[in-house]
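Counting starts at 1 for both ligands and their atoms, in listed order. Predicted model only: the values in this text are computed from it and were never measured.
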Amino acid sequence: MADQPKLEGATLWAISAGLAFLVLFLQWVFGKGRRTRKGLPPGSMGWPLLGETLQLIAAYKTSNPEPFVDTRRSRYGKVFKTHLFGKPTIFSTDPEVNKFILQNEGKLFATSYPSSITNLLGKHSLLLIQGNLHKRLHSLTLSFANSSVLKDHLMFDIEKLVCLTLDGWKDHVLLQDEAKKITFELTVKQLLSFDPGQWSENLRKEYLQLIDGFFSLPVPLPFTTYGKALKARAKVAEELRLVLKRRRDSESSDHYDMLAALLNEKSTTTSDGLSDDQIIDLLLSLLVAGYETTSTIMTLAVKFLTETPDALAQLKEEHEAIRKQKPGAQRLEWSDYKSMAFTQCVISETLRIANIISGVFRRALCDVEIKGFNIPQDWLVFPCFRAVHLDQELYSDARKFNPWRWQGNHPSTSSGTVFTPFGGGPRLCPGYELARVEISVFLHHMVTLFSWEVVEEDKLIFFPTTRTVKRYPINLTRRGRRSPLEI
Ligand code: HEM
């Protein structure tokens with residue numbers, strides 16, 4: 001009898017240990033996603049090697065990619081770990097974490113692209129360079145697209161090139177393609193002072209091939225998309241090299257364009273200028289940066305307006321009022337652009353719900369602690385702007401196109417944390433104002449020169465980039481107003 005309690009104790013111990021083991025085992029099986037290395041945010045690393053890449057791609061290939069983020073955010077919280085495109089990644093849908101990551105560019109985090117993309121952009125691209133050179137060239141680009149340059153120089157070219165394209169329209173266009181033509185020609189003009197013609201059209205065709213390469217398997221064989229993209233890159237670089245050589249050889253220096261600014265750029269410490277390779281990569285990346293981004297917003301603003309007749313009516317009213325002040329076909333002034341208040345609401349709302357840039361990849365340069373989580377050195381982080389822009393806690397009825405939300409004093413206009421379509425920190429998009437002016441001028445002429453009807457239902461998808469599947473075909477009716485090019 002004396003031994004009985006001992007036996008019971010041992011049995012109890014064995015049962016408790018067994019239970020504890022069972023609980024741990026069940027947690028391991030069912031709570032895989034919640035297990036963390038110390039300090040890592042919760043999340044699932046998905047399949048070996050593939051991680052959760054296929055789930056992400058499958059979601060973004062549809063018109064409603066949100067469930068990818070929504071399910072993980074409700075399971076793990078606003079910041080979760082995952083494994084994307086071959087790398088362990090911290091995915092953030094938290095505006096404060098996103099801001100922290102962007103602000104600490106170059107200190108705790110650095111921009112990160114796969115080598116396949118780096119090869120296409122060129123190692124001197126503004127999107128890739130770091131440190132002082134990045135600072136210098138970022139501010140040079142900014143100084144080329146700021147309000148006073150836009151007002152005194154670019155506004156005129158923007159309107160001319162928008163009208164040149166719109167004047168050529170017959171009764172049917174693929175709007176997405178037309179918008180791309182406009183933004184490409186504008187960028188060529190701004191960078192090199194070339195007017196639209198066969199040269200820029202040939203260059204654009206090479207560009208289309210080059211951009212396809214960003215979203216293809218990086219197999220560098222001549223018949224693969226990636227191989228063709230590398231070839232296209234070489235051709236674009238060759239053309240730019242010829243232009244550069246002519247400019248260096250020429251006596252006159254009366255150009256006012258980005259190339260002239262790059263040729264004059266000198267290091268403050270060594271007073272060395274930029275090499276040909278540096279200039280070519282910079283020009284090439286500027287063409288990439290402003291081309292698809294701005295043209296996508298132009299197309300989608302028209303799509304969302306078409307689907308929201310009250311907004312289209314209000315936008316038309318705003319632009320008709322501007323036209324009334326201008327007898328005949330007079331050109332737009334800077335003050336007209338500044339008076340387009342509702343147009344800015346439409347642009348912000350389009351950027352909020354369908355920006356081509358859902359977020360940006362960065363690499364942690366060291367172990368970083370934020371909000372109680374540890375981000376290990378060399379892991380990727382993905383501050384997801386789209387998830388913040390569509391967060392129901394931050395925007396009421398967040399998934400609906402509602403340009404009126406921007407009227408008055410919406411907090412997100414001022415906070416710079418919950419609305420970041422142009423990124424932030426040292427890599428804030430230097431083209432943010434240029435893009436707004438281009439889109440505003442385009443919308444002005446689109447709604448005052450034409451009315452339109454959508455030819456067929458066209459789906460919006462988000463992978464490989466944000467685009468409509470059928471390139472947004474529309475039938476046009478001319479409204480009888482003369483375009484500024486006719487005077
Ligand atoms: C609606 C149009 C546009 C959107 C939504 C957009 C968005 C962005 C975003 C989010 C970034 C930050 C990338 C990062 O942090 O890694 C960026 C960078 C950049 N953008 Fe834009 N952009 C637009 C138009 C333009 C235009 C018209 C230009 C032409 C000058 C331009 C030039 C650049 C450049 C050069 C960078 C790289 C800046 C750097 O790394 O320092 N963008 N853009």
Side-chain angles (χ1 to χ4, degrees), residues 98-99 101-106 109-113 117-118 121-122 124-146 149-150 154 157-158 161 179-180 182-192 257-258 261-262 281-301 344 346-363 380-386 388-389 416 419-443 465-466:
N98 291 1
K99 186 175 180 180
I101 294 168
L102 293 176
Q103 297 292 345
N104 281 291
E105 165 72 20
F109 301 96
T111 182
S112 172
Y113 294 89
I117 293 191
T118 317
L121 283 173
H124 305 294
S125 157
L126 189 58
L127 296 133
L128 303 172
I129 53 175
Q130 317 269 349
N132 276 342
L133 185 63
H134 170 259
K135 236 184 242 162
R136 261 168 62 201
L137 295 176
H138 184 273
S139 68
L140 181 81
T141 314
L142 199 58
S143 71
F144 231 77
N146 66 21
V149 177
L150 277 158
L154 298 180
D157 288 336
I158 292 171
L161 293 180
K180 281 188 185 177
I182 293 172
T183 53
F184 192 80
E185 280 161 1
L186 274 170
T187 317
V188 168
K189 178 80 184 173
Q190 192 194 354
L191 295 182
L192 308 170
D257 55 22
M258 189 71 188
L262 290 171
D281 284 1
L282 285 163
L283 291 173
L284 198 140
S285 62
L286 283 169
L287 269 164
V288 170
Y291 171 54
E292 291 243 346
T293 45
T294 315
S295 57
T296 305
I297 297 300
M298 283 176 176
T299 311
L300 296 183
Q344 295 317 309
V346 168
I347 295 172
S348 295
E349 187 64 350
T350 309
L351 283 164
R352 186 184 70 83
I353 63 174
N355 195 0
I356 193 163
I357 304 193
S358 312
V360 291
F361 277 104
R362 297 284 192 264
R363 185 173 59 85
L380 291 191
V381 290
F382 186 73
C384 183
F385 308 149
R386 182 179 170 81
V388 174
H389 293 167
F419 185 59
T420 54
F422 295 106
R427 288 194 184 271
L428 173 73
C429 172
Y432 69 94
E433 178 128 38
L434 171 63
R436 278 193 182 266
V437 177
E438 288 179 13
I439 300 163
S440 305
V441 172
F442 165 75
L443 287 174
T465 57
T466 303

For His134, the ligand 1 atoms whose distance to one of its heavy atoms is below 4.0 Å
39 (C), 40 (O), 41 (O)
In ligand 1, the atoms that come under 4.0 Å of a heavy atom of His138 are 38 (C), 39 (C), 41 (O)
For ligand 1, indicate whether the residue Arg362 contacts it via side chain, backbone, both or neither (heavy-atom separation under 4.0 Å).
side chain
Distance to 0.1 Å, residue and atom name: give those for the protein heavy atom nearest to atom 12 (C) of ligand 1.
Arg427 O, 3.6 Å
What part of Ile356, side chain, backbone, both or neither, has a heavy atom within less than 4.0 angstrom of ligand 1?
neither
Identify which protein N/O/S atoms are less than 2.8 Å from atom 21 (Fe) of ligand 1.
Cys429 SG
Going by the 4.0 angstrom heavy-atom rule, the piece of Val360 near ligand 1 is side chain
Can you confirm whether His138 sits close enough to Pro426 that some side-chain heavy atom of one is under 4.5 Å from a side-chain heavy atom of the other?
no
Does the side chain of Leu300 reach to within under 4.5 Å of the side chain of Ile353, using non-hydrogen atoms?
no
Under the criterion side chain to side chain contact (heavy atoms under 4.5 Å, CB included), I'd like the reasoning laid out for Leu154 against Val437: C-alpha separation, chi angles, the key distance, then a yes or no.
CA-CA 9 Å; Leu154 298 180; Val437 177; over 6 Å; no
Output every pair passing salt bridge (Lys or Arg N to Asp or Glu O under 4.0 Å) with a member in residues 348-361, not counting sequence neighbours, ordered by first then second residue.
Glu349-Arg352, Glu349-Arg405
Flag side-chain contact, heavy atom, 4.5 Å: Asn98 against Val388
yes
Got a donor-acceptor contact below 3.5 angstrom from the Thr183 side chain to the Lys180 backbone?
yes
Atom 37 (C) of ligand 1: which of Thr187, Leu127, Leu137 has the nearest heavy atom?
Leu127
Contacting atoms of ligand 1, where contact means under 4.0 angstrom from a heavy atom of Leu286
35 (C)
In terms of ring plane angle, is the pair His389 and Phe419 parallel, tilted or perpendicular, where the classes change at 30° and 60°?
tilted
Could you tell me which residues satisfy ring-ring contact (aromatic ring centres under 6.0 Å, His included) with Phe361, sequence neighbours excluded, listed by chain and number?
Phe382
Donor-acceptor pair, distance only, cut-off 3.5 Å: does the side chain of Ser125 make one with the backbone of Leu121?
no
When you compare ligand 1 with Thr294, is there at least one nitrogen or oxygen pair between them that comes in under 3.5 angstrom?
no
With a 4.0 Å cut-off on heavy atoms, is Pro421 touching ligand 1?
yes
Do His134 and Glu105 come close enough that some side-chain heavy atom pair is under 4.5 Å?
no
Arg436: partners by salt bridge (Lys or Arg N to Asp or Glu O under 4.0 Å), with sequence neighbours left out
none
Kindly indicate whether the side chain of Ile439, heavy atoms from C-beta on, has any atom under 4.5 Å from the side chain of Thr294.
yes
Touching ligand 1 at all, Asn355? Heavy atoms, strictly under 4.0 Å?
yes
Going by the order shown, which atoms of ligand 1 are within less than 4.0 Å of some heavy atom of Ile297?
1 (C)
